[in-house]
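I have placed the structure first, in the form of structure tokens, so that the comments after it can refer back to it.
In this text, all values refer to a predicted model and were calculated from it rather than measured experimentally. Below, read A as the first sequence line, B as the second, and so on, with proteins coming before strands; counting in each chain starts at 1.
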Amino acid sequence: MKLEAQNAPHTESELIEKAMQIAGLNLTQLAEIAGVSVPENLTRDKGWTGQLLEWHLGATAGSKPVPDFEFLGIELKTIPVDRNGQPLETTYVCVAPLTGCSGQTWMTSPVRIKLNRVLWIPVLAERDIPVAQRLIGYPILWSPNPEQDAALQADWEELMDMIVLGKVNQITAKTGEYLQIRPKAANSRVKTTGIGESGELIETLPRGFYLKKNFTKQILNMI
DNA sequence: GCATGATCATTA
DNA sequence: TAATGATCATGC
């Protein structure tokens, strides 16, 4: 999908307004407006919905490591939900640093910065609904409350401790209550540098931070 | 390889 | 059947 950027929103209310305007539309309607075709399935187009929404809302960052709405400091996340508004998938946050992170703190961590302010766009996307018929839901502009921030911090610190102490290969998706670390790579043969059990550098699978469904569920149900 | 956007598909 | 581990596309 090749899309030239639309006009970026100048204010938060302008962004919300745009998001409200596309709520209730299906992906066929959005694709027509954008001038792209709808894929049969998302197997080879896993980021398609997200990129389509970025276009409609005028996100500017592209593949740069900055918020989608840089000027507003807002990150855009589409989230697949079932008919009851419950999340169907975990939510990718950012890459998990595996080296050079011994002095990092939660307050300045990429995870916290990414999640500081997020515009969530639910998409009714049960697997048996054809991509073309999936519906856009109402937007939720969210920032973590103190309890959520503390919960994420606890998981983040547990996970980062393991990375720093050379236990990256002992981390599984079960580690962490709300924040987890899972592979984030083209395939399982991809390697990056990490810290081994004796403090040496090792080759290991690149990982990313993800929000578990039990966390995003809270956000979606807080409306 | 890493950063963007995530969902797929096998396993437990 | 939900969750974990694996995977897909794209740009630089």
Side-chain N or O of [X] closer than 4.0 Å to phosphate OP1/OP2 of [N]:
X	N	answer
T78(A)	dA6(B)	yes
K77(A)	dT4(B)	no
R44(A)	dC8(C)	no

Checking the side chain of Q170(A) only, and the main-chain atoms of M162(A) only, is there a donor and an acceptor separated by less than 3.5 Å? no
For K167(A), is there an ion pair with D161(A) - N to carboxylate O distance below 4.0 angstrom?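 No, this pair does not count.
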Quick check on the hydrophobic clustering: are L201(A) and L98(A) connected, directly or via other members, by side-chain heavy-atom contacts under 4.5 Å?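 As far as the 4.5 Å side-chain criterion goes, L98(A) and L201(A) are not connected within one cluster.
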Side-chain heavy atoms under 4.5 angstrom apart, residues restricted to Ile, Leu, Val, Met, Phe, Trp, Tyr: same cluster for I113(A) and F69(A)?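 No, it is not one cluster - the side chains of I113(A) and F69(A) are not joined through contacts under 4.5 Å.
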Scan [X] against the nucleic acid and name what it touches under 4.0 Å (heavy atoms): base, sugar-phosphate only, or nothing.
X	result
A185(A)	base
P206(A)	nothing
T192(A)	sugar-phosphate
Q86(A)	nothing

In whole Å, what is the span from the [atom1] atom of [X] to the [atom2] atom of [N]?
X	N	atom1	atom2	answer
L88(A)	dA2(C)	CG	P	9 Å
Y92(A)	dA6(C)	OH	P	17 Å
E203(A)	dG1(B)	CD	P	8 Å
Y210(A)	dA3(B)	OH	P	13 Å
F215(A)	dA3(C)	CZ	C1'	19 Å
L53(A)	dT7(B)	CG	P	11 Å
Q51(A)	dT4(B)	CD	C1'	8 Å
E75(A)	dG5(B)	CD	C1'	10 Å

Supply the members, apart from [X], of the Ile/Leu/Val/Met/Phe/Trp/Tyr cluster built from side-chain contacts under 4.5 Å; use none for a lone residue.
X	result
I129(A)	L124(A), L135(A)
V95(A)	Y92(A), Y210(A)
L165(A)	none

Specify the residue among K212(A) and K184(A) whose closest nucleotide of DNA chain C lies further upstream toward the 5′ end. K212(A)
May I ask you to check whether R182(A) and T90(A) show a side-chain donor-acceptor distance below 3.5 Å? yes
Just by distance, no angles: are the side chains of D155(A) and Q180(A) close enough, under 3.5 Å, to form a donor-acceptor pair?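 There is no such pair (donor and acceptor under 3.5 Å, judged by atom type) between the side chains of D155(A) and Q180(A).
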Please report the end-to-end axis angle for the helix from dG1(B)-dC12(C) to dA12(B)-dT1(C), five pairs per end, rounded to 10 degrees.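 The end axes of the helix from dG1(B)-dC12(C) to dA12(B)-dT1(C) are about 30° apart, to the nearest 10°.
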Distance check, rounded to the nearest 0.5 Å: L115(A) atom CG versus Q148(A) atom CD? 10.0 Å
For E75(A) and N116(A): C-alpha separation, side-chain torsions, deciding distance, then whether side-chain hydrogen bond (donor to acceptor under 3.5 Å, both in side chains) applies. CA-CA 8 Å; E75(A) 177 75 14; N116(A) 181 51; over 6 Å; no
Of all the choices, dT7(C), dT4(C), dG1(B), which nucleotide is nearest to the side chain of T90(A) once you look at every atom?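 Per side-chain heavy atoms of T90(A), the pick is dT4(C).
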Minimum side-chain heavy-atom gap W156(A)-R112(A) below 4.5 Å: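 They are not in side-chain contact.
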Distances for protein N/O vs nucleotides 8-12 of chain B N/O pairs under 3.5 angstrom?
{"from": "dC8(B)", "atom 1": "OP2", "to": "R127(A)", "atom 2": "NE", "distance (Å)": "3.2"}
{"from": "dC8(B)", "atom 1": "O4'", "to": "K46(A)", "atom 2": "NZ", "distance (Å)": "3.3"}
{"from": "dC8(B)", "atom 1": "N4", "to": "E89(A)", "atom 2": "OE1", "distance (Å)": "3.2"}
{"from": "dA9(B)", "atom 1": "N7", "to": "R127(A)", "atom 2": "NH2", "distance (Å)": "3.3"}

For DNA chain C, determine which residues of residues 153-180 of chain A have any heavy atom closer than 4.0 angstrom to one of its atoms, and list them numerically. T172(A), A173(A), K174(A), Q180(A)
